[in-house]
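Working notes for the structure below.
What you are looking at is a predicted structure, and each value in this text was computed from that prediction instead of being measured.
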Amino acid sequence: MIYQQHNDKIAMNTQQAKEINEPEFEAQVLRATPPVLVGFLTGWSKPCQLIEPVLDEVAEACNGKAKIFKVNVDDNPDLGTLYGIQSVPALIYFVNGVVRAKIVGMVSAKAILAKLNSLMPGNSPTNESGRPQ
């Protein structure tokens with residue numbers, strides 16, 4: 001399991017979703033060993049602004065067992081095109097450099113973490129709703 005739920009609020013976020021750009025994408029995402037979640041976002045979208053703290057919460061809960069990144073598709077249009085981003089926010093889950101799942105729109109930290117847990121080696125696969133296939 002990637003995370004453990006905790007009811008205590010952490011006073012200061014020590015782990016946050018890191019913003020990356022096209023030059024870093026291959027090394028940080030495609031060559032990564034742990035599962036990777038990439039949030040494809042824009043600065044002008046209200047749903048994107050709302051999901052950014054959720055991604056930080058997910059990064060904190062994962063505690064390094066999965067990598068959480070943000071990509072601004074306005075600044076990195078080639079990545080947006082490559083991964084078929086037509087609506088934001090779009091969350092893409094990578095395992096060993098391969099796209100394993102995609103969620104478009106606002107989603108809770110609990111749902112994001114459930115999907116990440118399902119992608120860990122040894123766990124059964126789930127569909128995009130988070131239900132077992």
Side-chain angles (χ1 to χ4, degrees):
M1 183 175 274
I2 288 180
Y3 75 101
Q4 294 180 348
Q5 287 183 318
H6 49 77
N7 293 328
D8 299 332
K9 291 289 179 190
I10 297 171
M12 181 161 190
N13 240 357
T14 56
Q15 304 244 351
Q16 292 186 330
K18 179 183 176 211
E19 187 163 343
I20 60 171
N21 295 305
E22 288 178 37
E24 305 163 286
F25 194 85
E26 183 175 346
Q28 293 291 330
V29 176
L30 302 180
R31 293 184 184 169
T33 303
V36 178
L37 171 64
V38 180
F40 289 85
L41 313 169
T42 65
W44 50 264
S45 162
K46 186 66 172 174
C48 289
Q49 293 168 6
L50 293 172
I51 205 165
E52 283 198 57
V54 173
L55 293 175
D56 290 337
E57 181 181 339
V58 168
E60 183 72 34
C62 289
N63 197 27
K65 294 180 183 167
K67 292 184 172 187
I68 314 299
F69 295 111
K70 301 180 283 189
V71 170
N72 184 317
V73 292
D74 288 336
D75 296 339
N76 300 278
D78 291 344
L79 285 176
T81 300
L82 180 63
Y83 291 101
I85 306 302
Q86 296 180 351
S87 296
V88 290
L91 306 178
I92 299 183
Y93 297 81
F94 294 83
V95 176
N96 296 321
V98 176
V99 173
R100 293 286 307 276
K102 183 176 183 178
I103 298 175
V104 178
M106 191 64 191
V107 65
S108 70
K110 183 178 178 181
I112 294 168
L113 289 165
K115 177 57 80 177
L116 277 171
N117 277 324
S118 75
L119 296 173
M120 290 300 290
N123 290 340
S124 60
T126 60
N127 61 25
E128 287 191 16
S129 68
R131 298 186 189 110
Q133 293 179 343

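- Of the options Asn72, Val73, Val104, Asn76, a side chain to side chain contact (heavy atoms under 4.5 Å, CB included) to Phe40 is made by Val73 and by none of the others.
- In terms of modelled atom types and a separation under 3.5 Å, the side chain of Gln15 and the main chain of Asp56 share no donor-acceptor contact.
- Contact annotation: the side chain of Val88 never approaches that of Leu41 to less than 4.5 Å [non-hydrogen atoms, C-beta and beyond].
- Rounded to the nearest 0.5 Å, atoms CD1 (Ile68) and SG (Cys62) are 4.5 Å apart.
- Rounding to the nearest 0.5 angstrom, the gap separating the CG atom in Asn96 from the CG atom in Leu30 is 11.0 Å.
- You'll find the side chain of Val38 stays beyond 4.5 Å of the side chain of Tyr83, heavy atoms only.
- Checked against the 6.0 Å centroid threshold, Phe69 and Phe94 do not count as a close aromatic pair.
- The shortest non-hydrogen separation linking Pro89 to Cys48 is N-SG, 3.7 Å.
- Grouping the Ile, Leu, Val, Met, Phe, Trp and Tyr side chains by contacts below 4.5 angstrom, directly or via other members, places Val36 with Leu79.
- Note that NZ of Lys70 and CD of Gln16 are 7.0 Å apart. Values are rounded to the nearest 0.5 Å.
- Placement of Val29 and Leu37 in two distinct hydrophobic clusters is found when ILVMFWY residues are connected by side-chain heavy-atom separations under 4.5 Å, directly or transitively.
- Put simply, Ile20 and Leu55 are part of two different groups of oily side chains (I, L, V, M, F, W, Y) that touch within less than 4.5 Å, one to the next.
- Nearest heavy-atom pair across Val95 and Pro35 is CG2-CB, 4.4 Å.
- When all heavy atoms of Ala59 and Ala17 are compared, the closest pair comes out as CB-N, 3.7 Å.
- Qualifying side chain to side chain contact (heavy atoms under 4.5 Å, CB included) partners for Thr81, counting only residues two or more places apart in sequence or in other chains: none.
- Taking each heavy atom of Ser45 and Pro47 in turn, the nearest pair found is OG-CD, 3.2 Å.
- Inter-residue side-chain proximity for Pro77 and Glu22 is flagged as met; some heavy-atom pair is nearer than 4.5 Å.
- Val71 and Leu50 are members of different hydrophobic clusters when ILVMFWY side chains are connected at heavy-atom separations under 4.5 Å.
- Atom CD1 in Ile112 sits 8.5 Å away from atom CD in Glu57 (nearest 0.5 Å).
- Both Leu119 and Leu91 belong to a single network of hydrophobic side chains, linked directly or stepwise wherever heavy atoms of I, L, V, M, F, W or Y lie under 4.5 Å apart.
- One finds the NZ atom of Lys18 at 4.5 Å from the CD atom of Gln28 (value rounded to the nearest 0.5 Å).
- Minimum heavy-atom separation, Gln49 to Gly43: NE2-O, 2.9 Å.
- Between Thr42 atom OG1 and Ile85 atom CD1 the span is 11.5 Å, to the nearest 0.5 Å.
- Two residues are said to be in side-chain contact when any heavy atoms from C-beta on lie closer than 4.5 Å; Val54 and Met106 meet this criterion.
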